[in-house]
Number of protein chains: 2
Amino acid sequence: MLRIGKLTDYATVVLASLAEEPARHRAAAELADRTRLSHPTVSKVLKGLQRAGLVVSSRGAHGGYGLARPPEQITAAQILDVFEGPIAITECSGAGSQCGIERQCRVGGAWQRVNAAIRRALEDVTLRQLAGLDSGALRIADLASEIRVHGI
Amino acid sequence: MLRIGKLTDYATVVLASLAEEPARHRAAAELADRTRLSHPTVSKVLKGLQRAGLVVSSRGAHGGYGLARPPEQITAAQILDVFEGPIAITECSGAGSQCGIERQCRVGGAWQRVNAAIRRALEDVTLRQLAGLDSGALRIADLASEIRVHGI
DNA sequence: TCTTAAGTGGACGAGTTTAGTCCTATTTGC
DNA sequence: GCAAATAGGACTAAACTCGTCCACTTAAGA
Ligand code: FES
Ligand code: FES
């Protein structure tokens, strides 16, 4: 149903790899090796993440990338924003939207609420959780995933 | 961030239009007029919805489309499924996925949980709510939208 | 100082997906 | 039989995604 781009998926994998040892910096080539992705692609992903402020970089020989913050302070929503852009679930949201039928359509508002709800859910998920580093990580399948929307 | 296709958006608008008077059938041309969309597009959308079982059709002169069920029995998730397909939030989910790095990647599981959470949220939203027909519809902006994910 | 290993930025093209239109066949009411 | 309507599918044009590549910059170390 809903889809995120491959780039975002790659970003998650790369970040998860970095999260294993948050203190250490790693070169793009090393990350490419660990994640089994091609070097140019990992490089592109990291460039985006750096511009977004999720990772910090050091140039020159012995350079590399590291997490800008501890894994529990990086959320899925932040990762999504990097490559998916600020686009909302529907075209008709926010300023400058050229929907054309906004007048006779009351649907827009409801979708935006759904959108906001999803966003909040994504903000509750941290990189630490995505990377499976949480204490309860191994029992992940047993935990109850409870999600609820009130008053859409 | 996450995006749904225009077709899905159109489908919602058309269904909302049908939901205003669930009992009556309407021709595609009339719906096109109401929604300010082009006739071929509305037609395509309705064909899809019919195949998915969300609307029923009658052919021949004086034919038209009507909701297959009352608006409160049609969910946002069902509408999404029609045009967005069964694809999940990431490529690496379910059978036949050719991710290639599944082995060294623990991220997949977490994304699937996020995906499931979003899906449940969408299943809680009915067409009646999307169309703004609910009793509290006019106060929609005041209601608290509460969404939460536990134990991702 | 010079070399080399890294990141930075942007451009590019192939491939895929989406959106919208059109045409033809089929069904039904008059 | 004719007109009005849906059904199905083919088709094209446009948009977007992805992955790659190249020229440039920065810094470490011999
Ligand atoms: S479809 Fe654009 S505002 Fe409703
Ligand atoms: S990226 Fe495919 S399983 Fe993790």
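Predicted model, so just to flag it, every value in this text is computed and none were measured. Note on naming: letters A, B, ... go to the chains in the order of the sequence lines (proteins, then strands), and numbering restarts at 1 for each one.
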* Structure fact -> note: B:Glu84, atom CD; C:dA19, atom C1'; distance rounded to Å ~ 13 Å
* Asked: Between D:dA7 and B:Ser57, is there an OP1 or OP2 to side-chain N/O distance shorter than 4.0 Å?
  -> yes
* Structure fact -> residues 40-52 of chain B vs side chain to side chain donor-acceptor pair (under 3.5 Å), sequence neighbours excluded, gives B:Ser38-B:Thr41
* To do: Applying salt bridge (charged side-chain N to carboxylate O under 4.0 Å, His left out), name anything that partners A:Glu72, two or more places apart in sequence or on another chain.
  => A:Arg128
* Does A:Tyr10 place a side-chain N or O at less than 4.0 Å from the phosphate oxygens OP1/OP2 of D:dG19? -> yes
* Got a sec, which residues hit side-chain hydrogen bond (donor to acceptor under 3.5 Å, both in side chains) with B:Glu21, two or more places apart in sequence or on another chain? -> B:Arg24, B:Arg26
* **Closest nucleotide among C:dG7, D:dG8, C:dT8 to the A:Ala27 side chain** => C:dG7
* Sequence-distant partners of B:Ser58, side chain to side chain contact (heavy atoms under 4.5 Å, CB included), two or more places apart -> B:His25
* Asked: Sequence neighbours excluded, which residues qualify as side chain to side chain contact (heavy atoms under 4.5 Å, CB included) partners of B:Ala32?
  -> B:His39, B:Val42
* Can you list the steps and then say if B:Thr75 with B:Leu122 is a side chain to side chain contact (heavy atoms under 4.5 Å, CB included)? -> CA-CA 7 Å; B:Thr75 69; B:Leu122 289 171; over 6 Å; no
* Where protein sits on nucleotides 20-30 of chain D, one letter per nucleotide: B base, S sugar-phosphate only, - none, heavy atoms under 4.0 Å -> B----BBBSS-
* Looking for any heavy atom pair under 4.0 Å, which part of the strands does A:Leu46 touch: base, sugar-phosphate only, or nothing? -> nothing
* To do: Look at all strands and tell whether A:Ala29 reaches a base, only sugar-phosphate, or nothing, counting heavy atoms closer than 4.0 Å.
  => nothing
* Return yes if a side-chain donor-acceptor contact under 3.5 Å exists between A:Thr8 and A:Glu84, otherwise no. => yes
* To do: Have a look at the helix from C:dT1-D:dA30 to C:dC30-D:dG1 and give the angle its two end axes make, five pairs each, rounded to 10 degrees.
  => 10°
* Take atom CZ of A:Arg26 and atom C1' of C:dA6, then tell me their distance rounded to the nearest Å. => 16 Å
* Ignoring backbone atoms, test whether B:Tyr65 places a side-chain nitrogen or oxygen under 4.0 Å from the OP1 or OP2 oxygen of D:dA7. => yes
* Asked: In whole angstrom, what separates B:Arg51's CZ from D:dT6's P?
  -> 15 Å
* Taking only residues two or more places apart in sequence or in another chain, which ones pass side chain to side chain contact (heavy atoms under 4.5 Å, CB included) with A:Arg59? -> none
* Quick one: label A:Ser58 by what it contacts on the DNA or RNA (base, sugar-phosphate, nothing), any heavy atom closer than 4.0 Å. => sugar-phosphate
* Taking atom C1' of D:dA7 as reference, at what distance in whole Å does atom CG of B:Leu49 sit? -> 14 Å
* **Separation of D:dA15 P from B:Leu7 CG (nearest whole Å)** => 16 Å
* Send over the distance from B:Asp9 CG to C:dT18 P, rounded to a whole Å. => 15 Å
* Structure fact -> note: A:Glu30, atom CD; C:dA5, atom P; distance rounded to Å ~ 16 Å
* Is A:Gln129 reaching over with its side chain to a backbone N or O of A:Thr126, donor-acceptor style, under 3.5 angstrom? -> yes
* Asked: What nucleotide, of C:dG20, D:dG19, C:dT8, holds the atom closest to the side chain of A:Lys6?
  -> D:dG19
* Could B:Arg119 and B:Asp124 be called an ion pair, given the rule that one side-chain N must be under 4.0 Å from one carboxylate O? -> no
* Distance in angstrom units between B:Gln50 CD and D:dG8 P, rounded -> 6 Å
